[in-house]
Amino acid sequence: MGNGIGFHAVVAGGRGWNEIVFRGNTRKIMQDIRNIAIIAHVDHGKTTLVDKMMLAGKLFRDGQNNSGQVLDANDLERERGITILSKNVSINWKGTKINIIDTPGHSDFGGEVERVLNMADGCILLVDAFEGPMPQTRFVLQKALEIGLKPIVVVNKVDKPNCRPEEVYEMVFDLMFSLDATEEQLDFPVVYGSAKNGWMSEDYNSPTDNIDYLLDKIVEVIPAPTVLEGTPQMLITSLDYSNYTGRIAVGRVHRGSLKEGMNVTIAHRDGSMEKTRIKEVHVFEGMSHAKAAEVQSGDICAIIGLEKFEIGDTICDFENPEPMEPIAIDEPTMSMLFTINDSPFFGKEGKFVTSRHINDRLEKELEKNLALRVEPFGDSTDKWIVSGRGVLHLSVLIETMRREGYELQVGQPTVIYKEIDGVRCEPIEELTINVPEEFSSKMIDMVTRRKGEMTSMEAQGDRVNIEFDIPSRGIMGLRTNVLTASQGEAIMAHRFKKYEPYKGDILRRTNGSMIALETGNAFAYSIDKLQDRGKFFIDPGEDVYYGQVVGEHVHDNDLVINVTKAKQLTNVRASGSDDKARIIPKTVLSLEECLEYIKADELVEVTPKSMRIRKTILDHNERKKANKD
């Protein structure tokens, strides 16, 4: 701003006053605010769109490296192309401050979604001009409509060949109608464009060269937050952390205003009250915080200097505290055993291997991961039952810990059953599979074997969209089979729907395991001779230990094999005895595939450099005894 001498600006943020001093003359300007959440399915271009909005808001210096994807900042998010943690970004557009809140699209991160939407007054629903609204978009949109947010629909990627913007618009309307949107919500504006190419317009046939149309629509359609006078109230909806100032509370000021150095009361979820003092108040500017003297109701701010607080607590008046309704979060549907790594190879690759390290890390995760639960397993000090919203939710935690240098072992995921009216009930998910037409019968066969019920089937060109209701147990291990059966063509998505009575037993993996007999180095000679017994998970030259699962047996029983046996060398030569070993490359399983693959008596050993599957009881003879009992 301004390059004149004697010019300075103080942005108090919020609907507060901006104080601008021109050579000693002070003027106050009222600042408008729009709080908006962005809802989109994986890979529909949400993060790209936000990057373009930030460019339009002139957040990057000229020539600064804006390589894109500012929101999905951690490695895991970029690799998987999903948003896990929600983030806040703020831009200034023609004097209006727009707070953009990024939401995770996957229902496994439902805990994140709910608290984030509480900060917004409206939402942008971003859909792909070819694919249309997907099941996971539906999950977040449903939450947003229930809260009463006003939507703007953005049909993205209209530059793609064979896209169908008009049909997609109809599909979005039908979806909102089926989610019981109000008449006002159904009267939504629609914007067409291509975030990647940096344009948005009213009509997809007339591209522009900027995204101004969308930003103008946001300012015009999304209501400004209502200013509520009175004693201060702010619901803490997310946490931030700084190595210098410790934990930071982030939320939207609901009523009144919060000032630097103000005395406040924190009303905890359990009803207890705690008197404390705010050290600093920050507002969001661009991707970072900026210090402010005061934040008015309606703006999103970060508060520094509070010690004991959790998500869902209310910051309220010092004298007359009035707590707000805490956020209700979806209950976990799946649990998993976490334990320390006690395999023969423990401590070789990780920095943090003890139960104290893992316990501290899980405790730290609980502070910001709302939908997670951690309980000790029985009387054990080195085993924990960790419950979450699904395999993806838990595997992201395991993968993050692995990258941070932790070694641990995890057991088979199990669903959490509930007693409802005396009936044992299990979580049911809504599963959508999109495949080429020739594979549709295979898909239906696979899902119905796992107690799935087909609810709808519609053709989209040469592909078919099939919807099922399936128990969460049935989804474990389904993805690999679906991709194999459809030659990698299937697109699969699922979300939690409701609890229903237990559907009966499901046949899981039927093949047995091939288990190493001795610890040592795997030889090509022995792997070559054993290849007709099944497929291997190891390459020649890898170190293995006794009790490690080194492959999948072709039959349904477990087979103990010796892969560390070298060829006996003699002086006698015979024709045919020196054949070359021809070895099929190993099957590489991702973390999710490992978790879905293992049986109840197996564990996945996770270290920073490797992932191994092993039997819980390593010794072959001990295992036999345990099976007899």
Side-chain angles (χ1 to χ4, degrees), residues 76 84-85 108-112 239 241 247 269-270 310-312 329-418 426-427 472-473 476 496 547 591-592 594-608 610-618 626:
L76 253 182
I84 298 167
L85 300 164
D108 276 10
F109 304 104
E112 283 276 330
L239 299 176
Y241 187 82
R247 294 169 76 205
R269 287 183 86 132
D270 57 9
E310 295 301 326
I311 290 168
I329 280 131
D330 284 359
E331 289 299 306
T333 57
M334 201 161 275
S335 66
M336 208 185 265
L337 174 77
F338 276 49
T339 170
I340 58 165
N341 186 6
D342 58 2
S343 81
F345 290 174
F346 82 96
K348 285 188 176 181
E349 296 171 1
K351 280 191 295 191
F352 310 110
V353 293
T354 64
S355 57
R356 182 176 60 84
H357 283 137
I358 295 173
N359 193 44
D360 291 352
R361 180 64 182 82
L362 291 174
E363 291 290 329
K364 189 178 156 197
E365 188 66 26
L366 279 175
E367 287 182 356
K368 59 179 188 294
N369 199 332
L370 271 197
L372 201 72
R373 306 273 184 281
V374 176
E375 293 150 15
F377 180 71
D379 299 331
S380 172
T381 53
D382 54 12
K383 289 183 179 164
W384 303 266
I385 295 288
V386 180
S387 312
R389 297 274 303 140
V391 174
L392 183 66
H393 184 199
L394 293 168
S395 73
V396 164
L397 167 63
I398 298 165
E399 183 66 31
T400 311
M401 286 174 70
R402 182 175 94 91
R403 291 180 184 211
E404 288 170 3
Y406 286 84
E407 280 193 17
L408 68 154
Q409 295 185 136
V410 288
Q412 185 187 30
T414 51
V415 300
I416 298 170
Y417 296 103
K418 275 185 182 175
E426 65 173 338
S472 294
R473 292 175 298 140
M476 286 183 225
F496 172 72
L591 177 59
E592 273 100 15
C594 283
L595 295 174
E596 293 173 342
Y597 179 82
I598 57 174
K599 291 186 167 176
D601 64 340
E602 294 169 350
L603 297 170
V604 179
E605 177 191 348
V606 182
T607 69
S610 47
M611 254 179 288
R612 303 181 190 95
I613 300 175
R614 53 160 283 188
K615 287 289 180 186
T616 310
I617 303 169
L618 292 174

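For clarity, every value in this text was computed on a predicted model and none was experimentally measured.
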Fill in the blank from the handout: Here the pair of heavy atoms bringing Leu603 nearest to Gly411 is CD2-CA, 3.7 Å
Practice task
State the CG-CG distance between Leu362 and Leu366, to the nearest 0.5 angstrom.
Solution key: 7.0 Å
Handout entry: CD1-CZ distance between Ile358 and Phe338, expressed to the nearest 0.5 angstrom
Key = 9.0 Å
Fill in the blank from the handout: Sorted by chain and residue number, the side-chain contact (heavy atoms from CB on, under 4.5 Å) partners of Thr414 (sequence neighbours excluded) come out as Ser335
Problem - Lys383/Asp342 ion pair, N-O < 4.0 Å - result: no
Fill in the blank from the handout: Closest non-hydrogen contact found for Leu618 with Pro344 is CD1-CD, 3.8 Å
Handout entry: Any donor-acceptor N/O pair, Arg402 side chain to Pro608 backbone, under 3.5 Å
Key = yes
Problem - Side-chain heavy-atom pair Leu595, Gln412 within 4.5 angstrom cut-off - result: no
Completion exercise
In short, Glu592 meets Ser395 closest at the heavy-atom pair OE2-OG, 2.5 Å
Practice task
Step through the shown structure and confirm whether more than 12 heavy atoms of other residues, nucleotides or ligands are within 6.0 Å of CZ on Phe377.
Solution key: no
Practice task
State, to 0.1 Å, how close Ala626 and Ile617 come at their nearest heavy-atom pair, and which atoms those are.
Solution key: CB-CD1, 3.6 Å
Fill in the blank from the handout: Interatomic distance, NE2@His393 vs OG@Ser387, rounded to 0.5 Å, equals 10.5 Å
Practice task
Provide the closest heavy-atom pair for Val410 versus Ile598 in the form atom of the first, atom of the second, distance.
Solution key: O-CD1, 4.1 Å
Fill in the blank from the handout: So CD of Glu365 and CE of Met401: to nearest 0.5 Å the spacing works out to 8.5 Å
Practice task
Please name the pair of heavy atoms, one in Met334 and one in Ser472, separated by the smallest distance, quoted to 0.1 Å.
Solution key: CE-CB, 4.0 Å
Practice task
Determine yes or no for a side-chain-to-main-chain donor-acceptor pair under 3.5 angstrom, with Glu407 supplying the side chain and Asn341 the backbone.
Solution key: no
Practice task
Run the numbers on Leu394 and Leu372 for side-chain contact (heavy atoms from CB on, under 4.5 Å), then give the verdict.
Solution key: CA-CA 9 Å; Leu394 293 168; Leu372 201 72; 4.0 Å; yes
Practice task
Using the side-chain contact (heavy atoms from CB on, under 4.5 Å) rule, take Ile398 and Met336 through it: C-alpha gap first, then chi angles, then the decisive distance, then the call.
Solution key: CA-CA 11 Å; Ile398 298 165; Met336 208 185 265; 3.9 Å; yes
Fill in the blank from the handout: Output for pair (Phe345 CZ, Arg612 CZ), nearest 0.5 Å, gives 6.0 Å
Practice task
Would you sort out whether Leu408 and Ile340 count as a side-chain contact (heavy atoms from CB on, under 4.5 Å), showing the intermediate values?
Solution key: CA-CA 5 Å; Leu408 68 154; Ile340 58 165; over 6 Å; no
Problem - Arg356 CZ to Arg361 CZ distance, which is reported to the nearest 0.5 Å - result: 15.0 Å
Problem - Phe346, CZ: over 12 other non-hydrogen atoms inside 6.0 angstrom - result: no
